[in-house]
Amino acid sequence: MLEYPEVRRRPFLLELEKVLREASEQSIAAGLLLVDITNLGRINKLYGHNIGDVALALAVDRLRSASTEANNVFRIASHQFAFILPSMGNTALVALAVNRLHAVLEDPIELGEAKFVLDISVGVATSGSSRKSATSLLAHAETSLHNAREGLDYEFVETEQDSMDRAQDRLRLEQDFVDTLNANAFTLYYQPKVNLKTGTVHSCEALLRWPQPDGGYLSPGIAIELAESLNLGYQLSKWILGEAARQAQRWKDRFAMRVAVNVEATLIDNPDLYNLVSDTLSIWSADKSLINIEVTESAVLNDRESSFENLRKLKEFGIGLSIDDFGTGYSSLSYFKDIPAQELKIDQSFIATLNTDPQNRALVDIIVDIAHLFDMTVVGEGVEDRDTLRALIASGSDYAQGFYFSRPLPPAQFETWLESWPGLDAF
């Protein structure tokens with residue numbers, strides 16, 4: 001039975017003080033995550049406060065499910081929750097906790113006619129090895145939350161010793177990354193792209209996952225950031241492409257599944273990109289018609305001349321090319337004429353507001369029309385509900401991708417999903 005979460009700021013501070021005291025006595029770090037439900041006001045406005053209250057109850061229930069100690073989750077303001085992490089052997093893994101919170105809240109909530117996803121911002125603070133008071137750690141987490149709302153990265157306000165501790169944690173995390181890469185211990189999950197014209201599924205996107213000893217996963221963004229900082233982007237991209245090609249080849253006769261692979265931004269203008277792709281496909285005897293390369297619009301625009309040349313070579317080789325996160329860069333109309341790609345993926349920030357922002361909807365319609373004019377197909381990313389799907393279909397988009405159909409799945413579960421796909425009409 002769901003329990004309506006009361007605001008319990010004082011009990012929270014008392015518990016946090018106790019956790020910090022015990023962490024200090026054991027010379028370990030404790031952490032604090034602040035979770036702010038940023039769209040609660042909109043939910044109340046659209047569906048009423050009764051629905052909003054149930055959404056809050058569901059939120060705290062899901063947050064508690066993500067913790068091994070459910071008593072460490074508190075509602076401390078109208079739409080803000082505190083998530084206490086009693087012990088962290090590696091403060092660099094705080095991103096794992098943040099990722100888990102996003103994961104448990106990502107499934108849509110359906111209450112009668114109301115269907116929505118809880119949008120959140122997360123603030124982070126850790127105690128390091130120095131003794132901090134509960135109010136001090138809370139202040140640091142609130143600063144981080146403010147930055148998160150502004151679209152900035154986490155900000156740690158810490159002592160010199162805390163900084164040294166975190167630097168050591170970073171070194172351990174870097175070593176874990178190298179060990180995982182050398183052991184081929186990363187894995188790929190797959191998310192379907194639904195053809196809006198035929199209702200079929202014959203393509204998907206491969207997404208990196210970094211398994212952890214506790215059964216969880218680190219954010220792909222952390223792996224990519226580490227690959228860049230350690231100059232291992234080429235090696236990581238080679239592994240991802242090879243694993244995706246191997247999986248596509250396995251599925252060739254059964255599903256004829258075209259697999260899209262994201263290529264790291266720093267490789268887009270790298271002269272070795274063509275050899276990386278062609279050599280990897282040759283090693284795995286993979287059918288190049290089953291592979292699609294996705295590159296972000298911003299990466300292409302950083303060095304248009306070199307990037308376009310690389311993409312042209314891949315296109316001539318027979319590789320499908322997609323421009324990911326389209327709409328976030330500053331491209332001109334000439335971009336459509338020159339770009340050597342067959343597909344545009346409209347960024348989810350546009351798709352999520354199709355039914356609430358008339359200007360964004362008009363922009364999506366324009367992008368679809370121009371893309372079709374230049375013989376490119378269009379994918380709408382981040383589809384999370386039926387109304388968004390309907391709006392995307394009305395825009396003339398060719399494909400849709402998002403949690404409304406399926407979250408990314410490991411290969412075996414993805415195969416089961418494909419076999420049970422009921423067709424677009426069911427959605």
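Note that this is a predicted model, so its numbers are computed, not measured.
Other residues, nucleotides and ligands contribute more than 12 heavy atoms inside 6.0 Å of the NZ atom of Lys197. The 12-atom threshold is not exceeded at CD of Gln359, counting heavy atoms of other residues, nucleotides or ligands nearer than 6.0 Å. Within 6.0 Å of NZ on Lys315 lie more than 12 heavy atoms contributed by other residues, nucleotides or ligands.
Remark: the backbone N or O of Asp324 is not paired with any side-chain donor or acceptor of Ser322 at under 3.5 angstrom. Using a distance-only test at 3.5 Å, with no hydrogens or angles considered, a donor-acceptor pair links the side chain of Arg75 to the main chain of Ser78. In this structure, the side chain of Asp347 does not engage the main chain of Phe350 through any donor-acceptor pair within 3.5 Å. Checked by atom type and distance alone, the side chain of Thr416 pairs as donor or acceptor with a backbone atom of Ala412 at under 3.5 Å. Between the side chain of Asn39 and the main chain of Arg42, no donor-acceptor pair closer than 3.5 Å is present. Ser144 places no side-chain N or O within 3.5 Å of a backbone atom of Gly123 that could act as its donor or acceptor partner. A donor-acceptor pair under 3.5 Å is absent between the side-chain atoms of Ser406 and the main chain of Gly402, judged by distance alone.
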Give the intermediate values and the outcome of side chain to side chain donor-acceptor pair (under 3.5 Å) for residues Ser307 and Asp269. CA-CA 4 Å; Ser307 299; Asp269 58 358; 5.2 Å; no
Determine, stepwise, if the pair Trp284 / Glu243 fulfils side chain to side chain donor-acceptor pair (under 3.5 Å). CA-CA 9 Å; Trp284 294 106; Glu243 179 61 23; over 6 Å; no
Using side-chain contact (heavy atoms from CB on, under 4.5 Å), reason through Asp287 and Leu290 one step at a time and then give a plain yes or no. CA-CA 6 Å; Asp287 187 339; Leu290 297 177; 4.0 Å; yes
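Taking the six-membered ring wherever Trp is involved, the centroid distance between the rings of Phe12 and Phe81 does not fall below 6.0 Å. Ring pair Tyr47/Phe116: centre-to-centre distance below 6.0 Å. Annotation: Phe317 is in aromatic contact with Tyr274 [ring centroid separation under 6.0 Å].
For the residue pair Asp279 / Ser282, no side-chain donor-acceptor distance below 3.5 Å is found, with atom types taken as modelled. A donor atom on one side chain and an acceptor atom on the other are found under 3.5 Å apart for Thr200 and Thr198. With no hydrogens or angles considered, a side-chain donor-acceptor pair links Arg250 and Gln247 at under 3.5 Å.
Using a 4.0 Å cut-off between charged nitrogen and carboxylate oxygen, Lys313 and Glu316 do not count as a salt-bridge pair. For Glu343 and Lys193, the salt-bridge test passes: some basic side-chain N is under 4.0 Å from an acidic carboxylate O.
Between atom CG of residue Asn72 and atom CG of residue Leu32 there is a gap of 10.5 Å, rounded to the nearest 0.5 Å. With rounding to the nearest 0.5 angstrom, the CG atom of Leu145 is 14.5 Å from the NE2 atom of His140. Taken from OG in Ser121 to CG in Leu34, the straight-line distance is 11.0 Å, to the nearest 0.5 Å.
Using cut-offs of 30° and 60° on the angle between ring planes, the pair Trp417 and Phe414 is parallel. Relative ring orientation between Trp421 and Phe427 is described as parallel, the plane-to-plane angle staying below 30° on a 0-90° scale split at 30° and 60°.
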Name the atoms and distances for all side-chain donor-acceptor pairs under 3.5 Å in residues 375-384, with sequence neighbours left out.
unit_1: Thr377; atom_1: OG1; unit_2: Gln342; atom_2: O; d: 3.4

Side chains of residues 201-210: which donor-acceptor partners sit under 3.5 Å, not counting sequence neighbours?
unit_1: Glu205; atom_1: OE1; unit_2: Lys345; atom_2: NZ; d: 3.0
unit_1: Glu205; atom_1: OE1; unit_2: Gln401; atom_2: NE2; d: 2.7
unit_1: Glu205; atom_1: OE2; unit_2: Asn262; atom_2: ND2; d: 2.8
unit_1: Trp210; atom_1: NE1; unit_2: Thr180; atom_2: OG1; d: 3.2

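With a 4.5 Å cut-off on side-chain heavy atoms, Asn360 and Leu354 do not count as touching.
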